[in-house]
Amino acid sequence: MEGPTSTGIPNRKLAMWTFIGSECMLFGTLIATYMIYRGRNLVPPYPHDLLNIPFITVTTFVLLMSSLMMVLALAAVQRNDLRATKLWLSLTALFGLIFLGGQYYEFNHFVHEGLPLSRNLFSSTFFVLTGTHGAHVAGGVIWLSTLLVRTVNGKLDARHAETVEIAGLYWHFVDVVWIILFTLIYLLV
Amino acid sequence: MSRHSAESHPSTRLYVSIAVILAALTALEVMVFYIEALAPVLIPILLVMMAAKFALVAMFFMHLKSDGPVLTAIFAWGTFIATAIVVGLMAIFGKFGA
Amino acid sequence: MTDAHPTGIRSWLTTVDHKRIAILYFVVGFAFLLIAGVEGQLIRLQLAAPERSFLDPDLYNQLFTMHGTTMVFFAGMPLVVAFFNFVVPLQIGARDVAFPRLNAFSFWVFLFGGLFLYASVPLRMMPDGGWFAYMPLTNPEYSPGLGIDFYVLALLISGVGSIAGGLNFLVTILNMRAPGMTFMRMPLFTWMALIVSALILLAFPPFTVGLIFMLFDRRFGTHFFDAAAGADPVLWQHLFWVFGHPEVYILILPAFGIVSDVIPTFSRKILFGYPVVVFSGVLIAFLGFGVWVHHMFSVGLGPVVNAVFGGATMLIAIPTGIKIFNWIATMWGGRLRFRTAMLFAVGLVATFTIGGLSGVMHSSPPADLQQTDTYFVVAHFHYVLIGGTVFGLFCGFYHWFPKATGRMLHEGLGKAHFWLAFLALNVTFFPMHFAGLLGMPRRTYTYAEGLGLDVFNLISTIGAFIFTLSFVPLVWNLWRTWRRGEAAGHNPWDASTLEWTTASPPPHYNFAEIPAVDRRDPLWHPYIEPEARGEGDEPGGAAPRRQPDEPPEPVVMPNPSYWPLVLAVGMLLMTIGALGSLGLTLFGLLVTAVGLFAWAFEPPFGEEAH
Amino acid sequence: MLFLGVLVSQGCGGEYPQSALHPSSDSATLLDQLFDQIFWWAVGVFVVVEGVLIYVFVRFRERPGDARPKQVHGHLLLEVGWTLAPALILVAIAIPSIRAIFIIDRATPDPEALVVEVIGRQWWWEFRYPELGIVTANEAHVPLGRTVDLRLRSADVMHSFWVPRLAGKRDLVPGTENQLWFRPDSVGVYHGQCAEFCGTAHALMGMRLIVDEPADFERWAQANAEPAAAPAAAEARAGQGVFMANACVSCHAVRGTPAAGQFGPDLTHFASRLTIASGVLENTPANLARWLDSTQHVKPGNLMPEVQLSDAQIRQLVAYLGSLR
Ligand code: HEA
Ligand code: HEA
Ligand code: CUA
Ligand SMILES: [Cu+2]
């Protein structure tokens with residue numbers, strides 16, 4: 001039944017883009033909330049007491065590079081070069097994990113510095129915004145891992161390049177969101 | 001289908017160079033952040049660089065440049081309405097002076 | 001699944017057939033309409049006379065909250081989606097939607113959302129914050145207990161279903177059109193379905209975020225709406241209405257689409273100004289994102305904000321007016337056959353206009369300061385929601401019932417239903433305009449004697465009972481038709497769109513062979529003089545012929561599947577767990593994960609037989 | 001039906017004490033005139049649309065033996081027409097609307113305005129006159145012909161201040177101060193009610209605004225600025241004893257006595273009020289007794305608990321509270 005489509009774009013790919021369009025509103029609202037409440041926090045600690053730019057720059061860089069790994073994985077699977085596919089896929093997932101590790105460390109640090117989720121307006125907006133993004137990254141890592149497993153079991157090759165491409169779209173979007181958060185939360189502190 | 005896309009998509013070299021640019025921009029952003037002299041114009045500069053990175057990833061890593069108008073339209077609508085709502089709300093809450 | 005008509009509970013639990021899912025949506029949505037309707041009746045009973053004590057205040061507050069929430073989210077939305085499901089694939093000449101299992105999933109989470117909300121009734125913990133649950137009244141300090149949590153969680157889970165549905169139909173309409181079915185050849189209902197899908201995708205996320213904030217404020221002590229912490233509770237109002245206003249257009253545009261297909265059919269005239277009607281729909285949806293503050297004129301956001309949003313709101317009257325006038329122009333010079341569907345269509349034009357005009361009265365911010373939160377607003381939105389959405393849905397119901405069941409409904413009973421409903425609507429809600437202007441605030445469980453409100457409220461209550469009465473001929477009609485309804489045949493109304501080329505009810509594969517389309521209103525091609533052709537049409541060509549009874553070559557249809565149901569159950573468990581059991585939440589997460597993986601690795605399409 | 005509407009708007013305010021169609025102040029009059037303009041435009045559109053609709057309904061119904069009608073694809077001129085016509089009407093509506101916005105939504109320019117602070121509480125109103133040192137509840141007196149400048153705050157949830165005959169609504173938002181002003185143009189007692197859903201007793205959160213001749217207002221202000229006079233009658237004095245000995249003091253203030261509670265309405269001059277519990281009961285001894293005996297029955301859900309009192313104590317309290325002129 002999944003024959004040629006009216007637009008020529010495969011259904012699942014179109015769906016992923018549509019989903020991404022919808023996600024824009026999700027993160028848009030979260031970002032709007034964060035920006036509106038910027039500087040309205042009444043109870044210490046305040047953002048500039050805690051945010052650690054150099055540290056977050058590193059994890060940001062890692063996530064950015066994971067996007068490169070992702071496209072390379074796609075290129076590889078399209079060439080049906082499965083060894084490379086495995087390599088790049090695992091690196092993408094790994095970089096994602098590193099980013100998550102960084103976020104875990106950051107959250108943990110904040111909590112110890114006296115900023116639990118319920119502490120003040122800053123903690124509320126910061127944790128929910130970055131947490132939502134983190135959850136998206138985690139989801140992506142799991143998704144990539146399943147692809148990796150399927151490649152290792154020889155269940156995924158050039159014929160499934162589309163599947164990898166779609167996972168990639170999701171991954172890049174999550175990366176794009178972080179590009180924005182990095183600037184708005186950390187650099188414009 | 002995947003075969004055809006293999007040719008029509010940019011090559012590895014392009015991907016790498018995009019990544020390099022992205023990395024450079026990120027480094028630049030952080031530098032700008034630390035240069036006192038730029039403090040007054042910090043916000044516009046950072047926003048521009050942010051937008052640039054956003055566009056690069058979308059166009060090349062997400063292949064919007066080569067994948068044609070339908071997908072670009074969908075994504076553009078999402079980002080447009082979202083940005084409009086963000087800016088609108090911030091304006092209502094007096095975040096742009098006024 | 002090639003055995004044409006599988007039966008039994010199991011087949012319904014696992015079905016991925018858009019026509020059966022449509023029926024599920026319709027039955028459940030209609031049940032919720034009746035329930036919420038009864039709640040409306042109880043409200044009217046309490047207000048029949050001043051200072052009655054039929055309901056105590058808390059119960060009353062719970063009733064109007066449940067009434068509004070149910071009507072909008074668990075009656076209006078599912079009934080709309082029921083029509084998307086049944087009609088869209090048939091109108092675009094497809095065999096099913098793009099993602100049949102996702103479609104089933106959407107239904108199950110919607111159903112569970114509704115059941116979850118109503119679980120609060122036996123537990124005597126109904127939410128009581130109104131359907132827009134303003135903070136800070138809904139934070140734990142002023143709303144202890146689980147009531148508001150039921151509201152938040154029910155809307156969160158059913159919201160997932162809505163977004164999934166929007167995604168599904170957007171892709172379906174963009175990608176699954178029969179060869180030759182260009183955008184400007186799509187039937188109007190399909191067009192509105194496309195627009196509404198986009199609206200759903202863009203409008204629900206902000207609401208989801210707002211609900212998550214509310215959930216966190218209530219459960220984890222965050223401060224998103226806590227003035228004491230420097231936050232501004234008005235943010236909730238923004239988040240709600242950024243969604244809320246598009247939501248009301250999500251409810252009306254499908255009705256507009258239905259009417260735009262029905263009026264031409266029963267006027268025997270093609271739609272007047274097709275491109276304009278389409279474009280005005282797009283415009284309404286687009287403007288709908290820039291008017292939300294018109295629900296907040298009394299908040300005191302300042303003259304500039306109010307002026308901007310007031311102006312934007314007024315603009316919407318223009319594209320809507322275009323639709324109204326084009327419908328009238330379509331009827332002008334036509335041969336109007338007043339079957340029940342047509343009556344409901346004309347009834348919509350007549351009554352929606354009234355609601356629209358009171359809307360325009362709201363759109364003037366200063367004038368609205370005397371109207372907002374009074375019965376004047378209640379009158380406005382019941383005119384648009386009943387005179388618009390509900391009439392539109394009934395219109396579609398009478399129009400497509402023969403296609404869906406193969407039986408003809410009884411015209412006399414249908415007409416009785418219409419005239420009773422039409423009468424009831426005006427008797428119930430017109431007096432509310434006066435009640436409002438004379439100083440009756442909404443959401444008040446009683447009103448003082450001597451305010452001059454008594455007579456208007458009494459009339460409204462009488463009207464509400466006529467409403468209930470109006471359901472009698474409907475139920476009778478269904479029963480009678482179920483017992484002995486005349487066979488409908490392929491195209492009982494001599495309509496012009498693709499769904500009428502196939503059998504009634506359509507075979508599970510819809511079309512034995514996918515039709516080719518070369519014009520708008522393909523089935524009317526013989527009657528349409530060249531000069532009347534739209535840009536979409538090409539000269540010559542032939543109307544798609546009546547579908548053959550048997551598919552020439554075997555058709556591969558999607559497999560039935562349990563996993564959408566499993567996935568939905570998982571999410572339901574998580575939702576229930578969120579009421580206070582971490583263990584249950586985690587278990588739900590597990591079930592969800594299992595469902596997700598099983599789903600992903602299950603082959604979506606079966607071979608022939610088995 | 002529309003006729004009925006016109007009739008109503010002609011009818012005198014007496015029968016409709018809470019009507020937006022019977023303005024008695026400059027700002028309410030402005031809103032009413034604006035509404036009338038829009039209303040008549042709407043009536044015009046309504047008549048046209050329904051008129052044409054009925055004509056079509058009758059004129060073009062199918063008759064036996066009709067052939068298929070001529071198919072019309074569209075008509076540019078017509079469509080442009082019914083795009084522009086509404087646009088023009090909307091302009092005609094928008095201009096006065098926006099003019100009104102920039103009057104109504106701005107702080108009053110009048111420097112002489114009488115400032116009154118309004119604090120919304122579940123489910124009653126507190127009024128403070130900073131310049132006059134008056135604190136009272138549920139009923140505010142204002143002088144005829146002087147602009148009243150309300151400063152609206154909330155002590156708990158959202159409420160909305162609405163006295164239809166004097167002004168449009170303005171919400172009371174926790175954490176922000178809103179303004180609302182009007183200049184009454186005739187003496188009288190004006191009914192108002194909370195217009196934002198605020199919980200159980202929202203429906204009974206009424207109020208009275210009393211517009212007095214300036215002289216009468218002066219007298220009222222004088223009297224209410226004073227602390228409470230010590231009760232003369234024996235029963236009243238006993239009542240004061242009961243009041244001070246019971247939980248009352250923890251919630252109610254009576255200036256000039258040890259009672260300084262802030263949770264409930266200030267009762268210093270309670271007897272000078274027309275109503276009890278934000279407009280629920282007329283302020284008569286009998287009603288007061290009823291209130292003290294069963295607050296939760298009179299005003300379900302309100303935040304004053306039912307203090308256990310003997311009939312004698314209630315009688316004494318009524319006497320005491322009745323002495324607080
Ligand atoms: C089906 C749902 C639906 C629809 C279609 C509409 C349509 C409109 N609504 Fe309504 N609205 C609601 C559902 C809907 N509304 C609900 C549920 C609420 C209350 C929510 C709550 O508080 O609980 C509400 C509340 C509401 C408010 C807030 C009132 C308040 O609380 O203070 C406002 C204010 O501007 C408003 C305006 C409008 C306008 C201008 C339109 C326009 O789209 C109408 C346009 C149509 C016409 C104008 C008629 C046809 C046009 C012509 C014949 C052309 C000529 C006309 C002119 C030149 C005027 N609506
Ligand atoms: C689609 C939306 C929709 C529909 C169809 C209705 C239908 C009705 N509504 Fe409602 N209403 C809302 C949406 C809707 N409403 C919303 C959003 C609110 C705001 C809530 C809030 O403030 O938060 C509201 C509020 C609202 C109020 C204001 C309450 C208040 O502010 O205090 C009132 C008061 O009269 C009312 C009455 C009615 C009545 C009498 C009907 C009638 O049309 C009902 C007609 C009856 C039926 C449809 C059922 C008939 C069938 C039976 C009786 C069953 C018989 C049994 C069997 C056959 C099994 N509604
Ligand atoms: Cu206070 Cu409603
Ligand atoms: Cu609206």
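These values consider heavy atoms only, across backbone and side chains, with no hydrogens, waters or symmetry-generated copies. Letters A, B, ... mirror the listed sequences (proteins, then strands); counts begin at 1.
- Neither the backbone nor the side chain of A/Met70 comes within contact range of chain B, judged by heavy atoms closer than 4.5 Å.
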Which pairs would a plain distance check flag for residues 19-29 of chain B, meaning a side-chain donor or acceptor within less than 3.5 Å of a matching protein atom at least two apart in sequence or in another chain?
from, atom 1, to, atom 2, distance (Å)
B/Thr26, OG1, B/Leu22, O, 2.8
B/Thr26, OG1, B/Lys53, NZ, 3.3
B/Glu29, OE1, B/Lys53, NZ, 2.7

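- B/Lys95 places a side-chain N or O within donor-acceptor distance of the main-chain N or O of A/Arg38, the cut-off being under 3.5 Å.
- Interatomic distance, CD1 of A/Ile180 versus OG1 of B/Thr83, reported as 8.0 Å (0.5 Å rounding).
- Around CZ of A/Phe61, the count of heavy atoms belonging to other residues, nucleotides or ligands within 6.0 Å does not exceed 12.
- Residue with the most contacts toward chain B among A/Met35, A/Glu23, A/Met65: A/Met35 (heavy-atom pairs, distance under 4.5 Å).
- Residues B/Met62 and A/Phe173 meet the side-chain proximity criterion, which asks for heavy atoms closer than 4.5 Å.
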* To do: Just do the side-chain contact (heavy atoms from CB on, under 4.5 Å) check on B/Ile85 and A/Thr29 with the steps written out, would you?
  => CA-CA 8 Å; B/Ile85 300 281; A/Thr29 317; 5.8 Å; no
Which atom pairs, one a donor and one an acceptor, fall under 3.5 Å between side chains of residues 43-57 of chain A and the rest of the protein, sequence neighbours left out?
from, atom 1, to, atom 2, distance (Å)
A/Tyr46, OH, A/Leu42, O, 3.1
A/Asp49, OD2, A/Tyr46, N, 2.8
A/Asn52, OD1, A/Phe55, N, 3.1
A/Thr57, OG1, A/Ile53, O, 2.6

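- In this structure, A/Leu64 CG and B/Ile18 CD1 are separated by 11.5 Å, a value rounded to the nearest 0.5 Å.
- By the 4.5 Å heavy-atom criterion applied to side chains, B/His63 and A/Leu74 are counted as neighbours.
- Residues B/Val30 and A/Phe182 form a side-chain contact, since some pair of their non-hydrogen atoms from C-beta on lies under 4.5 Å apart.
- For the pair B/Asp67/A/Lys13, a side-chain contact is recorded, criterion being any heavy-atom separation below 4.5 Å from C-beta on.
- Separation of atoms CZ (B/Phe61) and CG (A/Leu169) is listed at 13.0 Å; rounding is to 0.5 Å.
- Among the residues in residues 37-46 of chain B, those with a non-hydrogen atom closer than 4.5 angstrom to a non-hydrogen atom of chain A are B/Leu42, B/Ile43, B/Leu46.
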Counting only pairs under 3.5 Å, give me each side-chain donor-acceptor contact of residues 74-82 of chain B, with atom names and distances, residues two or more places apart or in other chains.
from, atom 1, to, atom 2, distance (Å)
B/Thr79, OG1, B/Phe75, O, 2.8
B/Thr79, OG1, B/Ala76, O, 2.8

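- Between atom OH of residue B/Tyr34 and atom CG of residue A/Leu187 there is a gap of 8.5 Å, rounded to the nearest 0.5 Å.
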* Give the intermediate values and the outcome of side-chain contact (heavy atoms from CB on, under 4.5 Å) for residues A/Met25 and B/Val86. => CA-CA 9 Å; A/Met25 288 301 283; B/Val86 174; over 6 Å; no
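- Between atom CD1 of residue A/Ile36 and atom CD1 of residue B/Ile92 there is a gap of 8.0 Å, rounded to the nearest 0.5 Å.
- Separating the OH atom in A/Tyr37 from the CZ atom in B/Phe93 is a distance of 6.0 Å, to the nearest 0.5 Å.
- Ranked by heavy-atom pairs under 4.5 Å with chain B, the list A/Gly21, A/Ser67, A/Cys24 is led by A/Cys24.
- Contact annotation for A/Ile9: only side-chain heavy atoms (C-beta onward) come within less than 4.5 Å of a heavy atom of chain B.
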